[in-house]
K.L.:
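Following this message is one structure expressed as structure tokens.
Note that this is a predicted model, so its numbers are computed, not measured.
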Amino acid sequence: VDLTKTITATKIPFEVVNEITDMAYQLVYKIESLPGVFHRMKILEVMPRYLIVNATDEPLYLRQDRGASGVSFKADDVFDIQPYCTKGWHKRKITCSTSLQVRFPTTSWSSGAFDINEIGSSEILLPRTHTRTLNCHTVVNVEVKLGTEEDKCSVCILFWKSADASKSPM
């Protein structure tokens with residue numbers, strides 16, 4: 001980053017790859033000049049590109065969608081975030097996309113995936129793993145939006161639960 005030429009209020013994405021762990025850290029930076037007598041000084045702010053917000057009452061687990069790649073996952077490839085917390089997201093596998101699958105401790109993995117680079121809202125149906133009632137499932141809402149100045153990220157991904165749906169018509 002050339003601090004003498006680049007001055008921007010825009011968040012610029014970059015990636016730091018660790019080839020040993022096969023992980024890619026997804027980050028953004030922003031450069032601002034200070035006002036007044038400090039006008040020659042600049043502030044370089046580095047922050048996560050993606051910020052996950054878990055607005056549910058249980059831990060949330062995310063993993064990159066393997067798709068057709070056939071990449072196998074280990075337990076430490078799963079990203080977890082505690083209830084009512086926020087956490088920066090980074091690629092656990094360089095070769096996989098930014099499409100993610102989701103689950104809770106009481107559900108199975110989602111059969112589909114959503115891409116955290118596509119702005120919008122989704123509802124994801126998660127079948128429960130341990131239930132006495134047939135056809136019981138949990139609906140999780142996902143909103144992917146551009147981060148604001150207060151969010152300290154480029155993309156904010158918000159998760160919250162809908163009321164549990166039971167007796168699926170399917």
K.L.:
Using a strict threshold of under 4.0 Å (side-chain N to carboxylate O), is an ion pair present between Glu15 and Arg49?
P.N.:
no
K.L.:
Minimum heavy-atom separation for Pro48 and Gly88, please, with both atom names.
P.N.:
CB-CA, 3.9 Å
K.L.:
Taking the side chain as every heavy atom from C-beta outward, state whether Phe114 and Ile157 have any pair of such atoms under 4.5 Å apart.
P.N.:
yes
K.L.:
Please say yes or no: joined through hydrophobic side-chain contacts below 4.5 Å, possibly via intermediate residues, are Leu158 and Tyr84 part of one cluster?
P.N.:
no
K.L.:
Starting from Phe159, can I reach Val144 by hopping between I/L/V/M/F/W/Y residues whose side chains sit under 4.5 Å apart?
P.N.:
yes
K.L.:
Tell me, do Arg63 and Arg92 make a side-chain contact under 4.5 Å, heavy atoms counted?
P.N.:
no
K.L.:
If you apply the rule side-chain contact (heavy atoms from CB on, under 4.5 Å), what do you find for Thr107 with His137, and how did you get there?
P.N.:
CA-CA 8 Å; Thr107 69; His137 52 269; over 6 Å; no
K.L.:
With a 3.5 Å cut-off and no angle check, do the side chains of Glu150 and Thr148 form a donor-acceptor pair?
P.N.:
yes
K.L.:
Examine distances only and state if a side-chain atom of Asn54 and a backbone atom of Ile81 form a donor-acceptor pair shorter than 3.5 Å.
P.N.:
yes
K.L.:
Here's a test for you: under side chain to side chain contact (heavy atoms under 4.5 Å, CB included), which of Leu51, Asp80, Leu60, Val53 qualifies with Lys87?
P.N.:
Asp80
K.L.:
Given side chains that start at C-beta, do those of Val102 and Ser110 come closer than 4.5 Å, heavy atoms only?
P.N.:
yes
K.L.:
Should the heavy atoms of other residues, nucleotides or ligands under 6.0 Å from OH of Tyr25 be counted, would the total exceed 12?
P.N.:
no
K.L.:
Considering only heavy atoms from C-beta outward, does the side chain of Phe104 approach that of Arg128 to under 4.5 Å?
P.N.:
no
K.L.:
Would you check, one step at a time, whether the test side-chain contact (heavy atoms from CB on, under 4.5 Å) holds for Tyr50 with Asn117?
P.N.:
CA-CA 9 Å; Tyr50 304 101; Asn117 283 315; 2.6 Å; yes
K.L.:
With rounding to the nearest 0.5 angstrom, report the OG1 to CD distance, Thr56 to Gln82.
P.N.:
9.5 Å
K.L.:
Please round to the nearest 0.5 Å and tell me the distance separating atom CZ of Phe79 and atom CD of Gln64.
P.N.:
11.0 Å
K.L.:
Do Ile119 and Trp89 share a hydrophobic cluster, counting only Ile, Leu, Val, Met, Phe, Trp and Tyr and linking them when any side-chain heavy atoms are less than 4.5 Å apart?
P.N.:
yes
K.L.:
Mind checking side chain to side chain contact (heavy atoms under 4.5 Å, CB included) for Ile94 and listing every partner two or more places apart, or none if nothing turns up?
P.N.:
Val17, Asp22, Ala24
K.L.:
A side-chain contact here means heavy atoms from C-beta on lying under 4.5 Å apart; do Lys145 and Asp151 qualify?
P.N.:
yes
K.L.:
Looking only at heavy atoms, which two atoms of Ala113 and Ser99 are closest? And how far apart?
P.N.:
CB-CB, 4.1 Å
K.L.:
Any chance you could lay out the side-chain contact (heavy atoms from CB on, under 4.5 Å) test for Glu123 and Leu125, step after step, and finish with the verdict?
P.N.:
CA-CA 7 Å; Glu123 289 183 342; Leu125 184 69; over 6 Å; no
K.L.:
Considering all heavy atoms of both residues, which atom of Ser154 and which atom of Val28 are nearest to each other, and what is their separation?
P.N.:
CB-CG1, 3.6 Å
K.L.:
Taking the side chain from Gln101 and the backbone from Trp109, do they hold a donor-acceptor pair closer than 3.5 Å?
P.N.:
no
K.L.:
Is there a path of hydrophobic side-chain contacts, each under 4.5 Å between heavy atoms, that joins Val142 and Leu126?
P.N.:
yes
K.L.:
Measuring only between side-chain heavy atoms, which start at C-beta, is Lys91 closer than 4.5 Å to Thr98?
P.N.:
yes
K.L.:
Hydrophobic clusters here meaning ILVMFWY residues chained together by side-chain heavy-atom distances under 4.5 Å, can you tell me if Leu146 and Met47 are in one?
P.N.:
no
K.L.:
Given the rule in the side-chain contact (heavy atoms from CB on, under 4.5 Å) test, do Leu62 and Ile52 qualify, once you have shown the distances and angles that lead to the verdict?
P.N.:
CA-CA 10 Å; Leu62 299 170; Ile52 307 291; 3.9 Å; yes
K.L.:
Would you name the heavy atoms of Ser108 and Arg103 that are closest together and state the gap between them?
P.N.:
O-CB, 3.4 Å
